[in-house]
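Hydrogens, waters and symmetry mates are skipped; everything else that's a heavy atom, side chains included, is used.
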Amino acid sequence: MRLIHKAAEFYSDLLHGSFEGGDMEDGEMMEAMADSIAASNRSVTARSLASFAAERLREDARIASFSLGGWDTHRGQVNRMGGALRHLSSAISELRSGLGPDWDRTVVLAMTEFGRTVRQNGSAGTDHGTGSALVMAGGALNGGRVLGDWPGLGQGDLFADRDLMPTRDVRAYAAWAMAGLFGSDRAALEGQIFPGLDLGPDPGLLR
């Protein structure tokens with residue numbers, strides 16, 4: 001059974017509407033307050049989604065998928081990234097608590113379909129990029145390691161001279177997790193579940 005529960009990002013313009021005609025300093029202050037409201041809403045959403053997923057995984061569901069917002073850091077990345085990481089941490093902690101003993105046979109994959117640019121833009125953020133990172137957790141995981149090949153950030157190392165160079169299809173880690181947890185066939189993983197995927201060598205994700 002596949003459970004998909006998409007999280008909505010919560011944005012508020014409540015404070016902005018009452019401050020029309022204010023000067024730039026006041027406008028920036030109100031924008032920061034609105035961002036704080038949005039971050040608070042995302043934190044509640046992260047815990048709620050994780051709790052809901054844990055409930056279903058304790059029953060008949062075997063795969064749960066949900067989305068956490070807050071990663072589109074086109075501006076002010078230093079401040080925004082900390083909040084996004086806290087929400088992810090909160091979601092993983094909620095999953096672990098909610099799953100109880102089932103945590104020992106669980107793998108959590110926090111992944112994205114796009115990364116960020118290597119260089120900072122003019123708004124102290126980064127724009128959409130190519131290479132990214134995958135965070136894994138769970139009691140079934142053979143953890144404590146960094147997997148993958150580091151492409152480097154030097155001259156000639158970047159993709160299109162702007163992005164981290166991708167070194168492996170991120171779907172391969174999800175596929176290897178499914179192979180280990182569910183015994184999924186390699187041919188089915190590469191041809192049907194993740195069409196066009198080259199699984200590559202087994203990274204030994206599970207204990």
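Between the side chain of Arg96 and the backbone N or O of Ala137 there is no donor-acceptor pair closer than 3.5 Å. Arg207 contributes a side-chain N or O that, together with a main-chain N or O of Gly139, makes up a donor-acceptor pair within less than 3.5 Å. The backbone N or O of Arg75 lies less than 3.5 Å from a partner atom in the side chain of Arg80, making a donor-acceptor pair.
Within the model, atoms CZ of Phe52 and OG1 of Thr45 stand 13.5 Å from one another, a figure rounded to the nearest 0.5 Å. Between Leu57 atom CG and Asp102 atom CG the span is 8.5 Å, to the nearest 0.5 Å. Taken from OG in Ser184 to CD in Gln192, the straight-line distance is 11.0 Å, to the nearest 0.5 Å. To the nearest 0.5 Å, atoms OG1 (Thr73) and CG (Asp127) are separated by 8.5 Å. Atom CE of Met136 sits about 10.0 Å away from atom CE of Met111, to the nearest 0.5 Å. Distance check, rounded to the nearest 0.5 Å: OG of Ser93 to CG of Leu88 gives 9.0 Å.
Nearest heavy-atom pair, Ser67 versus Leu49, reported as atom, atom and distance to 0.1 Å: O-CD1, 3.8 Å. Minimum interatomic distance between Leu197 and Ala175 (heavy atoms only, all atoms of both residues): CD2-CB, 3.7 Å. Across all their heavy atoms, Ala46 and Ala91 have their closest contact at O-CB, 4.0 Å. Nearest approach of Val107 to Ala177, heavy atoms of both residues: CG1-CB, 4.4 Å. Between Ala54 and Leu95 the shortest heavy-atom distance is N-CD2, 4.1 Å.
Using a 4.5 Å heavy-atom cutoff, the side chains of Arg171 and Ile193 are not in contact. With contacts defined as side-chain heavy-atom distances shorter than 4.5 Å, the pair Thr112/Trp71 does not qualify. Two residues are said to be in side-chain contact when any heavy atoms from C-beta on lie closer than 4.5 Å; Trp103 and Val108 meet this criterion. Val78 is not listed as a side-chain neighbour of Met81, based on a closest heavy-atom distance of 4.5 Å or more. No side-chain heavy atom of Phe114 sits less than 4.5 Å from a side-chain heavy atom of Ser132. Inter-residue side-chain proximity for Trp176 and Arg186 is flagged as met; some heavy-atom pair is nearer than 4.5 Å.
Placement of Val118 and Val170 in two distinct hydrophobic clusters is found when ILVMFWY residues are connected by side-chain heavy-atom separations under 4.5 Å, directly or transitively. Under the 4.5 Å side-chain contact rule for hydrophobic residues, Leu141 and Leu147 share a cluster. Under a hydrophobic-cluster definition in which Ile, Leu, Val, Met, Phe, Trp and Tyr are linked whenever side-chain heavy atoms come within less than 4.5 Å, directly or via other members, Val135 and Met178 are assigned to different clusters. Linking ILVMFWY side-chain heavy atoms closer than 4.5 Å, directly or via other members, places Phe194 and Leu181 in a single hydrophobic cluster.
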Using atom types as modelled, flag every donor-acceptor pair under 3.5 Å from a side chain in residues 150-168 to any protein atom, sequence neighbours excluded.
| unit_1 | atom_1 | unit_2 | atom_2 | d |
| --- | --- | --- | --- | --- |
| Asp157 | OD2 | Gly154 | N | 2.9 |
| Asp161 | OD1 | Arg119 | NH2 | 3.4 |
| Arg162 | NH1 | His128 | O | 3.2 |
| Arg162 | NH2 | His128 | O | 3.3 |
| Asp163 | OD2 | Thr130 | N | 3.3 |
| Asp163 | OD2 | Thr130 | OG1 | 2.7 |
| Thr167 | OG1 | Asp149 | O | 3.3 |
| Arg168 | NH2 | Leu199 | O | 2.6 |
| Arg168 | NH2 | Pro201 | O | 2.7 |

Original post:
What do the steps show when you test Arg116 against Thr126 for side-chain hydrogen bond (donor to acceptor under 3.5 Å, both in side chains), and what is the final call?
Top reply: CA-CA 6 Å; Arg116 313 301 303 181; Thr126 54; 3.3 Å; yes
